[in-house]
Each structure stands twice: as structure tokens, then as C-alpha cells.
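In what follows, chains carry the letters A, B, and so on, assigned in the order in which the sequence lines appear, proteins first and then strands, with residues in each chain numbered from 1. For the numbers below, each heavy atom of this structure counts, side chains included, while hydrogens, waters and symmetry mates do not.
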There are 4 protein chains.
Amino acid sequence: MKKINIGIIGAGRIGKLHAGNLSMRIPEANPLIISDIFLEAAEKCAAEYNIPQAVRDYKEILSNPEIEAVLICSSTDTHAQIIIEAAEAGKDIFCEKPISHDLKLIDEALEAVKKNGVKLQVGFNRRFDPDYRRVRKYIKDGEIGDPHILKITSRDPEPPPIEYVKVSGGMFMDMTIHDFDMARFLIDSEVDEVYAAAGVMIDPEIGRAGDVDTALITLKFKNGVIGIIDNSRKSVFGYDQRVEVLGSAGMADTSNERPNTARLSTAESISEDLPLNFFIERYTESYINEIKEFILSIINDTSPSVTGIDGRMPVLMGKAAKLSYAENRPVKLSEVDEGVTASFR
Amino acid sequence: MKKINIGIIGAGRIGKLHAGNLSMRIPEANPLIISDIFLEAAEKCAAEYNIPQAVRDYKEILSNPEIEAVLICSSTDTHAQIIIEAAEAGKDIFCEKPISHDLKLIDEALEAVKKNGVKLQVGFNRRFDPDYRRVRKYIKDGEIGDPHILKITSRDPEPPPIEYVKVSGGMFMDMTIHDFDMARFLIDSEVDEVYAAAGVMIDPEIGRAGDVDTALITLKFKNGVIGIIDNSRKSVFGYDQRVEVLGSAGMADTSNERPNTARLSTAESISEDLPLNFFIERYTESYINEIKEFILSIINDTSPSVTGIDGRMPVLMGKAAKLSYAENRPVKLSEVDEGVTASFR
Amino acid sequence: MKKINIGIIGAGRIGKLHAGNLSMRIPEANPLIISDIFLEAAEKCAAEYNIPQAVRDYKEILSNPEIEAVLICSSTDTHAQIIIEAAEAGKDIFCEKPISHDLKLIDEALEAVKKNGVKLQVGFNRRFDPDYRRVRKYIKDGEIGDPHILKITSRDPEPPPIEYVKVSGGMFMDMTIHDFDMARFLIDSEVDEVYAAAGVMIDPEIGRAGDVDTALITLKFKNGVIGIIDNSRKSVFGYDQRVEVLGSAGMADTSNERPNTARLSTAESISEDLPLNFFIERYTESYINEIKEFILSIINDTSPSVTGIDGRMPVLMGKAAKLSYAENRPVKLSEVDEGVTASFR
Amino acid sequence: MKKINIGIIGAGRIGKLHAGNLSMRIPEANPLIISDIFLEAAEKCAAEYNIPQAVRDYKEILSNPEIEAVLICSSTDTHAQIIIEAAEAGKDIFCEKPISHDLKLIDEALEAVKKNGVKLQVGFNRRFDPDYRRVRKYIKDGEIGDPHILKITSRDPEPPPIEYVKVSGGMFMDMTIHDFDMARFLIDSEVDEVYAAAGVMIDPEIGRAGDVDTALITLKFKNGVIGIIDNSRKSVFGYDQRVEVLGSAGMADTSNERPNTARLSTAESISEDLPLNFFIERYTESYINEIKEFILSIINDTSPSVTGIDGRMPVLMGKAAKLSYAENRPVKLSEVDEGVTASFR
């Protein structure tokens with residue numbers, strides 16, 4: 001079996017998750033080095049998953065000729081720069097979302113990828129979830145006819161720590177970005193305009209940090225479809241992740257995944273357990289699937305299905321949503337685009 | 001048992017429905033006369049439900065001293081005028097929605113009701129549906145804490161005939177008006193601003209008639225709640241009527257009512273019958289409940305729970321939605337209000 | 001509209017229910033007299049539903065030439081005798097289940113019906129419930145292929161008063177009898193053998209009265225299908241009424257009917273309201289449907305779909321179940337049949 | 001991390017499944033050798049999962065001092081003998097179900113385990129499934145009060161090849177055995193008596209082989225609970241695995257697990273995908289959990305939760321069911337027990 005030698009950059013929560021999947025679940029992957037600016041974090045992860053080498057500096061990964069591909073799981077502000085360096089080092093690249101909050105940096109990163117002819121997959125893992133895949137297949141197969149209305153429900157069980165909120169780029173950029181990607185994935189058309197209604201309902205601290213915690217974002221797609229994303233930073237009954245697409249010939253929708261199907265009927269009510277708690281539990285399978293596809297795209301020399309432009313568009317949508325909320329008006333994506341998107345398609 | 005003598009004005013679809021409920025389901029009601037400008041329609045309905053008298057002119061009902069209350073089920077453009085006349089005749093009034101598309105006429109009608117001290121209930125029957133009542137009760141009882149996000153799904157199985165569309169006042173005024181009322185009913189706060197994204201996706205004829213057939217309407221309530229209504233004139237799987245309210249302590253939602261609970265599992269799929277087809281089937285019970293409440297409010301001399309102002313606000317919201325769609329911008333209700341709402345509260 | 005003049009014999013719970021349906025929901029019915037050995041009960045019911053006459057003695061109904069049909073809602077031990085007298089008086093007959101606990105009396109009653117050429121419908125109302133009808137239609141339409149396994153869940157919310165238990169004929173005869181009928185209705189074949197495992201788990205008083213309160217009854221049908229009925233006198237979460245039929249090409253099943261579709265999701269669980277509480281609420285529609293069919297079968301001179309033999313067979317099955325439980329062995333129906341069933345088909 | 005050195009005996013479907021789990025999902029396991037009488041099968045499996053050694057003769061595993069524990073995944077007729085040899089070799093043992101169809105051999109095997117003080121876990125993996133665990137927890141926590149009625153639905157998507165049917169020991173021993181174990185697991189009491197109604201409805205070949213393909217098995221537990229298992233060799237809509245327990249204070253039940261939550265609503269019906277197809281897909285997690293528990297019970301020197309007696313009782317129940325079906329009468333387990341069960345508890 002052909003195996004791909006891999007370096008993992010970043011041993012935080014998501015880096016560890018990918019390290020575990022690579023070593024335990026993807027036989028085609030051969031994780032050789034993991035780096036972290038906190039060397040102990042890299043060492044601990046290496047020990048847990050039998051990764052031979054742990055280093056502090058990711059440049060040691062990029063300069064290692066054995067390494068064929070890298071996973072960029074470091075902090076967001078380093079993504080674009082490491083993509084450029086990894087591309088120049090000829091490594092295939094899997095990069096966590098978002099590439100950057102700065103469209104100019106994104107475009108430079110995509111340019112480097114293009115110039116050096118390496119692969120780039122962006123970590124929109126939800127595209128690999130069986131529920132959403134089935135909905136997309138229903139749409140692709142024409143089961144619902146032409147899509148008319150898209151509805152995405154996406155609510156976290158708890159707001160992140162306020163310190164994180166302050167550096168997150170804001171809810172639209174940090175949380176909605178996944179939903180922006182899902183919208184494009186399901187409808188298969190670009191969004192032309194967004195309108196964001198939002199507020200601070202959960203924690204005034206979030207408001208003081210200049211962010212919102214609850215939002216309804218209207219999307220107008222170029223193909224005429226209209227869509228709505230509803231976000232909340234706190235859904236007390238757990239991670240609430242659903243989609244619904246109404247079309248001319250039918251509707252496709254999903255419900256939340258539960259830890260079990262057991263149901264209890266008592267003299268008070270009929271009840272079931274809460275949904276799977278958060279993204280680590282809910283998207284276990286999609287994380288495995290996305291890395292597996294990345295590895296296989298290298299082995300088979302195919303294009304990953306989540307490209308650089310798929311990394312760029314949701315950032316643009318996030319910027320438009322922020323502006324829309326700030327000025328309480330619909331905002332066209334073209335208004336906030338500083339670059340030349342078309343060339344990257 | 002105290003019985004209320006009733007006159008029914010209008011023997012069209014909704015007039016017949018109420019006539020049937022009054023004669024077969026509400027022992028406290030004594031329907032004595034039914035009128036219709038097509039006398040045969042009134043006569044046919046009278047015969048079917050044992051109503052003693054059928055007349056052409058509603059004024060015969062208003063001038064009949066035996067009649068204690070009237071149901072106004074005539075065409076929309078006559079509602080306000082008949083309310084005024086019925087109020088002056090001292091009759092208690094149940095009026096189908098909307099009172100009028102003209103706010104000035106509405107205000108004149110409400111003024112007449114006020115001056116003559118008669119009761120007025122507006123026909124927002126969905127408030128009496130067991131599903132929505134239960135959701136409202138969950139909210140009132142504090143089960144979901146403070147409401148944050150409201151979602152209303154309201155989709156018809158088929159667009160009405162194009163001739164109807166042309167005189168309907170537009171989808172926002174004809175169809176969304178029920179959802180505007182539901183929004184106020186569930187959240188118990190006034191809406192401050194609306195933003196309507198909409199399009200013509202189902203039938204270009206509807207577009208040529210100057211109307212839309214698919215819409216997403218964002219609502220901002222005065223208490224901070226944000227809401228979304230999604231409307232479609234054509235949901236091929238049937239009448240799609242659901243609500244969902246997310247709050248700080250939980251979520252309450254409903255699903256569609258089905259004609260039976262039977263489920264068929266075959267080698268292809270697991271399937272169930274479509275939802276109840278349209279409003280007559282879906283809201284059977286709510287139509288009975290609303291008329292029953294109206295009759296009981298007369299017998300017990302209590303205020304009906306759906307007042308004149310409840311008839312006025314959704315019209316205002318419809319006007320704001322139309323303007324929002326026309327100019328593609330959020331519109332405050334105060335912008336379209338020509339009258340003095342406050343005095344009618 | 002042709003109307004049938006009806007006499008109601010018995011003004012207890014079920015008599016009142018039918019009286020209400022006849023007067024409020026079935027325009028083709030003209031209830032003229034109601035009788036009860038407690039005259040006041042008959043008078044009260046007559047007043048509530050505008051029935052012109054109330055009498056003590058049912059013979060006044062039978063001797064009234066205006067009366068075309070009777071509903072027998074008196075106590076079980078009088079059913080067979082009244083059927084015979086009503087048949088001889090030439091009245092069409094609707095009789096509550098069971099006709100009798102005594103097969104010989106049943107056969108005499110059926111003989112009288114046959115001889116006098118009157119109609120007889122037995123009150124197995126569940127056959128008229130939309131859920132079970134849909135399952136039967138799935139089976140009839142061949143959607144599940146050949147039926148293999150039948151499962152009926154039938155559980156009451158509360159045991160009846162112990163005084164009632166003592167005269168009920170036992171759970172198999174009083175409660176399971178509905179399920180025995182449902183089994184024949186769905187599978188459309190006669191049962192050949194039953195085996196009853198049962199116990200006293202809910203109330204020792206029931207055991208002291210010589211009865212059981214919990215049971216599993218295995219059915220073997222003549223066409224090879226096997227079936228199981230599970231009964232409990234106490235399902236704390238409410239009336240539990242479900243069926244499931246597995247066939248060679250699929251499965252059809254039903255779930256419980258609920259008072260609303262509202263669902264509450266909190267930090268503890270996702271819950272919904274309990275099922276409709278008991279037979280009056282659960283089978284509202286089926287009671288209307290069965291009486292409507294009876295009236296229409298008279299008007300149109302067609303055979304009622306629930307015949308005398310449909311009244312006889314479940315009693316036979318009840319007797320077999322009692323014997324099976326007493327002797328802990330499978331019992332063939334032929335073993336307990338004292339009469340000649342075939343002649344009544 | 002402490003790791004247990006393991007030998008796998010048998011490289012058929014279930015042996016490969018365990019080999020995969022041991023090498024990919026259980027970090028605490030160190031699979032060193034795999035044996036199969038078809039050496040190539042063992043070699044292929046070893047290559048796929050990086051198991052260092054593949055041998056033909058399981059005795060090479062038993063005689064290897066490095067090996068601490070063995071998984072017996074060979075054909076059923078070899079289980080008891082290999083248990084005895086492995087116990088004498090001092091290895092901890094995980095054995096696939098059933099230990100044997102011969103109670104005497106089972107008792108000899110359990111005796112050897114006892115004498116040599118090794119651990120024995122029997123492969124009733126469903127006990128480790130999240131759905132059933134949750135139901136058991138509801139029961140243990142008293143949420144449903146005292147259990148009254150148990151219902152187990154267990155239906156395969158397809159009958160096995162007829163050649164397999166002939167050597168399977170019959171449906172009760174091959175398929176129902178899992179349900180017998182589930183019954184004991186959920187109710188936590190021994191079964192006293194069984195009654196089996198069964199037939200050949202799916203394939204006459206199965207009948208000619210002396211077996212049945214459809215069954216209803218009534219269970220009477222020593223604690224008074226009554227239960228029913230329904231089995232079918234062919235459920236065309238897929239693997240149908242559900243349980244339901246009614247108790248004095250409520251009911252706990254499960255529904256089938258589905259590959260996704262997507263739902264399609266069209267003009268014909270509302271449908272969803274079929275359940276997970278068969279045991280490999282349905283019980284993925286339970287297979288991992290059971291092996292993980294076995295490994296941890298060695299590391300922590302605790303007793304496995306599925307013991308030798310848990311392996312013995314379902315065989316006894318299967319024998320009783322066969323006799324019950326053959327003679328069409330309830331059969332007490334004591335009637336078919338040739339050994340002294342009590343000593344193994």
C-alpha cells in the first residue's frame with residue numbers, strides 16, 4: 001500500500017484530532033513529524049500516536065525531503081504564510097479554515113499554491129458529513145427539482161472564552177464561516193448579497209468585545225436561490241446543526257445526530273437524549289473522511305474537492321456580513337472584494 | 001344553555017366553513033340568517049346547515065333586532081365598511097382577516113368599534129391551533145427562557161389562481177399576514193423593522209402580476225428578538241406549517257400534522273404520508289376553537305383574545321415588507337404607519 | 001337528505017358519546033328517543049343533544065314504528081336479548097361489543113338477525129381509525145407483500161375500578177377483544193390457535209378477583225401468519241395503541257397519536273407531550289366514522305363492514321386465551337367453540 | 001501505556017473484524033499472531049493490519065509465551081476445545097458466541113476456565129451498543145419502575161446461504177441466541193420458560209433443511225417479567241434491531257440506527273434512508289467496545305462483564321425454544337438442562 005509521509009504543523013486541539021485520525025484511522029497515512037511552538041505539546045501528541053519526531057519549528061518539517069504533505073493546524077494568523085512556504089517547498093497542503101481574515105494574504109497564498117503546482121485542501125470538514133452529503137446528493141440527483149429556499153441552523157452549545165472571542169475575527173468569520181461554506185456546497189452557486197440581522201443576547205461581554213452572539217443572515221445566490229443561516233453561540237440543549245432545502249419538486253432536510261436512539265416515556269413526557277454535544281463528537285466521521293480524501297488525492301493525483309477558492313469565498317461572505325450588520329443594509333460581495341476572485345476558479 | 005343569535009355575512013368558502021361549525025359544533029351558537037350577494041349561495045348554505053333564513057343584502061342582518069352578533073366573511077374590500085355599520089347597529093363582530101389593506105379604513109373601523117362598545121375579533125385562527133398554543137405556553141411558562149430566535153415556515157401546497165393573485169394585495173398581505181400575526185402571538189412583542197428577500201421562482205405569471213411567490217422575511221422585534229419567516233406559494237409535498245423558537249433555556253418547535261401515523265418500510269425507503277393538505281384540513285380544530293371563543297366571549301362578556309389592533313399590525317407589517325422588497329432595504333414599521341396605533345391598544 | 005330515525009338504548013358513557021355524534025356530527029341521523037333504566041341519565045342526555053324523547057324502558061323504542069334503527073349501548077349482559085327483540089321488531093341494529101360472553105347467546109342473536117333480515121353492525125370502532133385503515137390499505141395493496149408477523153400493542157392508561165374488573169369477563173374478554181378484532185381486520189384470516197402468557201403485575205386486587213393485568217398473547221392464523229398482542233392495564237405515559245405488520249416485501253406500522261406536535265428541547269432532554277390519553281380522545285374520529293357507516297349502510301342498503309360474525313370471533317378468541325392461560329398451553333379455537341361458526345359467514 | 005500481547009485464532013469475517021479493531025482502534029492491544037487453517041487467510045489479514053506473524057495452527061499461538069490473551073474466532077465446533085487448551089496454557093480468553101451447542105462441552109470449557117483462573121469473555125457484542133446500554137441504564141436507574149413486558153425485534157436483512165443454515169444449529173441457536181442474551185442483559189433475571197411459535201415463510205429450502213425462518217418466542221422470567229422476541233430471516237428494508245421495555249413507571253425503547261438523518265419530502269411521500277444494513281455496520285461501535293473492555297479487564301485485572309455463564313444460558317434457551325417449537329408447548333429451561341448451572345455463577 002502506498003503511504004504518504006506527513007508533517008503536522010500545530011499540536012492544539014485540531015492538530016491532535018488530525019494526528020489521531022492519521023495514525024489510527026488512515027492506513028495510507030504515515031505521520032512522521034509534528035511541530036508546535038510549545039514543544040511539549042508536540043512531544044505529547046507524538047508519544048500518544050506513535051509519531052517518530054516532534055519539533056518546535058515547522059520549518060524543520062518543510063525542509064525535510066521525506067515529507068510529502070503537511071497539515072497546517074497552527075493559529076489562523078500563520079496559515080497564509082505557512083501555505084506560501086509549504087508551496088515553495090513543494091509540499092501538498094491541507095490547511096485548517098480560515099486561510100486568513102485578510103483577503104490579500106489569501107490571494108497571495110493561493111497564488112503560491114498555483115505557481116508551485118501543489119495541492120491545497122481547506123478544512124471545511126462538514127462537507128464530508130454523511131447527512132449533508134445525502135442532502136447534496138438529493139439535490140444533485142434532481143430529487144427536489146430546482147432549489148428555492150436554503151435554511152441552515154448552526155448553533156454552538158456554549159460561547160467560547162471571551163479571550164478567544166476577542167481574537168476570533170467575530171462570529172461571522174469564526175462560526176458562520178462553516179455555514180457560508182455549507183451554503184455554497186449545497187446550492188452550488190455563488191452568493192451575491194448578504195444581509196445580517198444580529199444581536200447580543202447571550203453574554204454582554206461578547207457585545208463589549210465588539211461581537212454578536214445571535215444572528216440571522218439572509219443570502220441571495222447568483223442563481224436566484226434565497227437562503228437563511230441562523231446562528232447562536234449558545235444552544236443549551238447542545239450542538240444544533242441542521243439544513244433544509246426546499247425546491248420545486250420537494251424538500252430535503254436533516255435533523256440532529258443523537259448519541260443513541262433510546263427514548264423514555266414516563267407519566268410526565270416522552271423524551272430522548274440531547275444531540276451529540278459539540279463538533280468533535282458530531283463531526284468525528286467527517287474529520288476522518290476529509291483527511292482520507294486529502295491523502296487519496298495525493299496518492300491518486302486528483303484534485304481535492306475543497307479548493308483554495310472554497311477557502312476564500314466564505315471569508316468574503318464573512319466580511320460582507322460584518323459590513324451588513326454594521327450598516328444595517330444588504331451588502332453585495334463584490335463590494336468587499338479587494339482581489340480578483342475569478343482567476344482562482 | 002344561553003345561545004347567541006348569529007348572522008353570517010358571506011357564503012363563500014370561509015363563510016360556509018364557519019356556518020358548518022356554528023351549526024354542528026358549537027351548541028352555544030344559533031345561526032339565524034346568512035347573506036350573500038349571490039343569493040343562491042346563501043340559500044344553499046342555509047339548507048345544508050338548517051339556517052332558517054337566507055338573504056341577499058347583509059343590511060337585513062344588521063337591521064334584524066334578534067341578531068346579536070355577525071360574522072363578516074365577505075370579500076376583503078367590504079370588511080371595514082361592514083364593521084362600521086355592524087358596530088353602529090350594536091352587533092358584536094367577528095371579521096375575517098384582513099380588516100382592510102388600507103390603514104386609514106382599518107383605523108376608522110376600529111374607531112367605530114370603540115365608540116359603539118361592541119366586541120371585535122379578527123379571524124387569525126392559527127392562534128387557536130393546539131400545536132402553536134403549546135409552543136406559546138412553553139414560552140409563557142418560561143420553559144425556554146428568554147426567546148432569541150423565531151423561525152416560521154409557512155408554505156402553501158399550490159399558488160392560488162392568477163386572477164386571485166392580481167387582487168390579493170400581494171403575497172406579503174395575503175399569505176404572510178398569518179405569519180406576521182403568529183410572530184406577534186408567539187413573541188408577545190411588536191415588530192420594529194422588517195427586511196424582505198423574495199423572488200419569483202414558481203410561476204412567471206405571478207411575477208408579471210407584480211407579485212412574488214417565494215420569500216424570506218427578517219423581523220426585528222422591539223424586545224430584541226430576531227425572526228425569520230419563510231414563505232413559498234408551492235410546497236409540492238403539501239401545506240408546510242411549522243414554528244421554532246430558540247431561547248436562552250431551550251427550544252420549542254412543532255412539526256407538520258399528518259393524516260395518519262402509518263409508516264411504510266420497503267426495500268427502497270421508509271416513508272409516511274404527506275402532511276394534511278391545506279388550511280381547511282390542517283386548521284379544522286382552530287376554526288372551531290376561534291368561533292367558540294368568540295361566542296363564549298359574548299356569553300361571558302369577556303374580551304376576545306384577537307383584537308382589532310391584532311388585525312391592524314400584520315397589515316402594517318405587510319406594507320413594510322412590500323416596501324422593503326421594492327427598495328431592498330430594511331424598513332421600520334413606523335415608516336409606513338399613517339395612523340396612530342397607540343390609541344387602539 | 002334522507003335521515004334515519006334512531007333510538008339509543010343506554011345512556012352511559014358510550015351511549016352519550018354516540019348520542020353526541022349522532023346529533024352533532026352525522027347530518028343523516030335523526031336521534032328520536034334515548035332510553036336508560038336510570039331515567040334521569042336518559043333525560044339529561046336527551047336535553048344535552050336535543051333528542052325529543054327520553055324513556056326508561058327500551059321496549060318503548062322497539063315498539064315505536066317511527067324508529068328505523070337502534071344503537072344498543074346497555075350493559076353487556078343485555079346485548080344478545082335486545083338484539084333478538086330488536087331484530088324481531090324489524091329494526092336495524094348497531095350493538096356495542098361484545099355481543100355476549102356466552103357463545104350460545106351470540107349464536108341465538110345472530111340467528112335472529114339472519115331470520116329477520118335486519119342489519120347488524122358490532123362496535124369495533126378501531127377498524128374506522130385512519131391509522132389502522134392506512135395499514136390495512138398498505139397490506140391490501142400488496143405494499144408489504146405477504147404478511148408474516150403481526151404485532152399489536154394495546155395498553156390502557158389505568159386499570160378500571162376493581163368492581164368493574166370483577167364483572168368484566170376478564171381482561172382477555174374485556175380489553176383484548178378489541179385487539180383480537182384488529183388482528184382479524186389486519187390479517188384478513190381467522191386465528192387457529194392462541195397461547196397466553198400473563199400475570200398480575202399492576203394490582204394484586206386484580207389477581208384476587210381472578211383476573212390478570214399484563215399479557216402476551218401469541219396468535220397463529222390459518223394462513224400461517226404469527227402474531228403477538230401485548231396488553232397492559234396500566235401504561236403510565238398514556239394510552240398505548242400501535243400495530244406493526246412485517247411482510248415479505250416490507251413493514252407497515254403506526255405510532256401513537258399525540259395532542260400536538262410541539263417539542264421542547266432543554267438542557268436536560270428533548271421531550272414531547274404524552275399520547276392522547278384514552279379511548280374517548282384517541283378514537284374520536286373512529287367513533288364518528290363507525291356510526292356514519294352504519295347510518296349510510298341503512299340509507300344505501302349495503303352490508304355493514306363489521307358483521308355479527310366479527311362480533312362472535314373475538315369472543316371465541318377470548319375464551320381460548322383464558323383457557324390457554326389457565327392451563328399454560330396453546331389452545332385451538334375449535335376447542336372452545338360450542339356452535340357452528342361457519343353458518344354465519 | 002501497558003499493552004496486551006494477543007493472538008487471534010481464526011481469520012474469517014469476525015476474526016478480521018476483531019483484528020482490524022485491535023490494530024487500528026485499541027491502542028492498548030498488541031496483536032502479535034493470527035492463525036487460520038487456511039494459512040493464506042491468516043497471512044492476508046496479518047498483512048492488512050501489520051500483525052507480525054501468521055500461522056496455520058492455533059497451537060503455535062497457545063504455546064507462545066509472549067501471548068497473554070487469545071481471541072477465539074474459529075468455527076463454532078472448535079470453541080469449547082480451544083477454550084480448554086487456552087485455559088490450560090494460562091491465556092485469557094475472548095470467545096465468539098456460542099461456546100458450543102453442546103451443554104456438556106460448555107460445562108467442561110467453563111470448568112477449565114475456572115480451574116486455571118483465566119478470564120473468559122463471550123462475544124455478545126450487542127451489550128456494548130450505546131442504544132441498549134442506555135435502555136439498560138434507564139432500567140437500572142429505576143426510570144421505568146419495575147419491568148413488566150420486554151419486546152425484542154431482531155430481523156436479518158437476508159437469510160444466510162442454505163449451506164450455512166444446515167450447520168447453523170437452527171435459527172434459535174444461531175440468530176435468537178443474541179436476543180436471548182439481550183433479554184437476560186436488559187431484565188437482569190433468568191428465564192424460566194419459553195414458548196416458540198414459528199414457521200417457514202421466507203424460503204421453503206430452509207424448511208427442508210429442518211429449520212424455521214420466522215418466529216415469535218415468549219419468555220417467562222423468574223422475576224415475573226414476560227417477554228417476546230420476534231425474529232425474521234428476511235426484513236427487506238434492512239437489519240431491524242429494536243427493544244422496548246414497559247415498566248410500572250414508564251417505557252424505554254430504541255429505534256433503528258440510520259446511515260444519515262436526511263429526509264426527502266416529495267409530492268408522493270416523506271421518506272428517509274433504510275437502517276444500517278447488517279451487523280457489521282450496525283454494531284461497529286459495540287465490537288470495538290467489547291474488545292476494549294476485554295483488554296482493559298486484563299490490564300486492570302477485573303472481571304469481564306460477559307461471563308462464561310452468560311455464554312451458557314442462551315444456549316440453554318435455544319434448546320428449550322427448539323423443543324417448544326417441536327412439541328408446540330411451553331418448555332421450562334430446567335427440562336433441557338443437563339448440567340449444574342448454579343456452580344458457574
Requested in this report: Mind checking the CD1-CD1 spacing from Ile226(C) to Ile149(C)? Nearest 0.5 Å is all I need.
Outcome: 5.0 Å
Report summary line: Rounded to the nearest 0.5 Å, the CG atom of Asp131(D) sits from the CD atom of Glu285(D) at a distance of 9.0 Å
Query raised in the report: Could you give the distance from CG (Asn256(D)) to CD (Glu272(D)), rounded to the nearest 0.5 Å?
Result: 10.0 Å
Query raised in the report: Does the side chain of Leu276(D) come within less than 4.5 Å of Arg258(D)'s, by heavy atoms?
Result: no
**Report entry** For chain C, which residues of residues 232-248 of chain D have heavy atoms nearer than 4.5 angstrom
**Finding:** Ser232(D), Val236(D), Phe237(D), Asp240(D), Arg242(D), Glu244(D), Leu246(D), Ser248(D)
Report task. Could you tell me whether Arg184(D) sits above the aromatic face of Phe180(D), with NZ or CZ closer than 6.0 angstrom to the six-membered ring centre and within 45 degrees of the axis? Result -> no
Requested in this report: Counting only heavy atoms closer than 4.5 Å, note whether Ile228(C) contacts chain D via side chain, backbone, both or neither.
Outcome: both
Query raised in the report: Is the cationic atom of Arg126(D) (NZ for Lys, CZ for Arg) positioned less than 6.0 Å from the six-membered ring centroid of Phe124(D) and within 45 degrees of its normal?
Result: no
Query raised in the report: Does the side chain of Asn125(C) come under 3.5 Å of the side chain of Ser286(C) through a donor N or O and an acceptor N or O?
Result: yes
Requested in this report: Below 4.5 Å from any heavy atom of chain C, which atoms of Asn231(D) appear? Answer side chain, backbone, both or neither.
Outcome: backbone
Query raised in the report: Non-hydrogen atoms of chain D under 4.5 Å away: do they reach the side chain of Val200(C), the backbone, both or neither?
Result: neither
